[in-house]
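As structure tokens, the structure follows; a few thoughts come after it.
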Amino acid sequence: TLSFRKKWTPEDFEMGKKLGKGKFGRVYCVREKQSGYICALKVMSKEEIVSYKVEKQFVREIEIQANLRHSNCLRLYGWFYDDKNVYLILEYAAKGELYQQLKKCQRFDEARTSYYIYQVASALSYLHKKHIIHRDLKPENILMHFHNQVKLSDFGWSVYAPQDRRRTTMCGTLDYLPPEMVEAKSHNEKVDVWALGVLMYELLVGKPPFEDEHSSITYKRIAKVDLQIPHFVSTDATDLIKKLLRYDPAKRLSLQDLPNHPWITRNRSQWQK
Ligand SMILES: Clc1cnc2c(Nc3ccc(N4CCOCC4)cc3)nc(-c3cccnc3)cn12
């Protein structure tokens, strides 16, 4: 397979279809010529990285993702650059973004959602054991593979815990921010547990729990944990969402206990792997 040893160049790859555009750069499905291995090539222009001042974030993404070995974390096989671009050689996720699937079918049924949440929790547990906080969990950063396998991707916002007071500028959606980040307090791995609760709600309901057209309102709703769970959501699912979306980080469910929650154990038999 692909290894870190080799000095890669763009000529090592046959370019395939364009998979999509991320916030920094474009992703292509490619085949490595030597091995015939199919992977994804993320191409980012150097000037974009410099102009967005995301070099640090970019280096951190490589450091963190290159050392991850978990079936629900997208592999980074290597990286290289030429005079114009930087290239990440990534595992190919054959079914695309969870976000696209969610948009297509509005919301997911409880069996499917429980399998996705179980896998994301497993990836987060793995990261937290390595003292890594993902910090940017959302449907756009979750890729799908065969047999409903999910892959966490985009570790650009990940950090080594514990994160001190330093205020990190957050780009993109506020919906997934926990109260301690909204209130600029110090934060730890429990921010990912909160985000898992937001993700679970969004997959079941079709929109995030604190969404509002005015971000100032979203902030307030997060800080108050102003949570309304629709009646079509089962009692077990409601219970788990409430255990994840606790204001006090210390009171949020520990990820180790998630696999034993009734909502997971009850749905487990219906997971098509
Ligand atoms: Cl990194 C990485 C590894 N694999 C992917 C991937 N895979 C992928 C597979 C299949 C389909 N299609 C399946 C049939 O229907 C059309 C879409 C799309 C993406 N996409 C992205 C990406 C990134 C940004 C926007 N949009 C997609 C990043 N990826």
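In listed order, ligands and their atoms are each counted from 1.
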### Query
Hey, is L74 one of the residues with a heavy atom under 4.0 angstrom from ligand 1?
yes

#### Entry: Region of S153 engaging ligand 1 - heavy atom pairs below 4.0 Å
neither

### Task
Any chance you could measure S122, atom OG, to L152, atom CG, to the nearest 0.5 Å?
9.5 Å

#### Entry: Distance-only donor-acceptor check, side chains D239 and H261, under 3.5 Å
yes

### Query
Under a 4.0 Å heavy-atom limit, does E97 contact ligand 1 with its side chain, its backbone, both, or neither?
side chain

### Message
Checking contacts now, so for atom 6 (C) of ligand 1, which I'm interested in, is there any protein heavy atom under 4.0 Å?
### Response
yes

### Query
Would you say E91 touches ligand 1, if touching means a heavy atom closer than 4.0 Å?
yes

### Query
Less than 6.0 Å separating the ring centroids of F210 and W194?
yes

### Element-labelled atoms of ligand 1 that are located less than 4.0 Å from some non-hydrogen atom of V27
23 (C), 28 (C), 29 (N)

## Note on the structure
atom 22 (C) of ligand 1 has as its nearest protein heavy atom L19 O, 4.1 Å

### Query
Does a salt bridge link K190 with D192, judged by any charged N lying under 4.0 Å from a carboxylate O?
no

### Query
So which protein heavy atom does atom 14 (C) of ligand 1 come closest to, and at what separation?
K17 NZ, 4.6 Å

#### Entry: Short N or O distance, L143 and ligand 1, threshold 3.5 Å exclusive
no

### Salt bridge flag under 4.0 Å for residues R266 and D236
yes

### Aromatic centroids of Y115 and W271 separated by under 6.0 Å
yes

### Message
If you take the centroid of each ring, where Trp contributes its six-membered ring, are Y116 and F108 closer together than 6.0 Å?
### Response
yes

#### Entry: Region of A40 engaging ligand 1 - heavy atom pairs below 4.0 Å
side chain

### Query
Should the pair K42-E61 be classified as a salt bridge under the 4.0 Å nitrogen-to-oxygen rule?
yes

### Query
Heavy atom under 4.0 Å from ligand 1: found in L90's side chain, backbone, both, or neither?
side chain

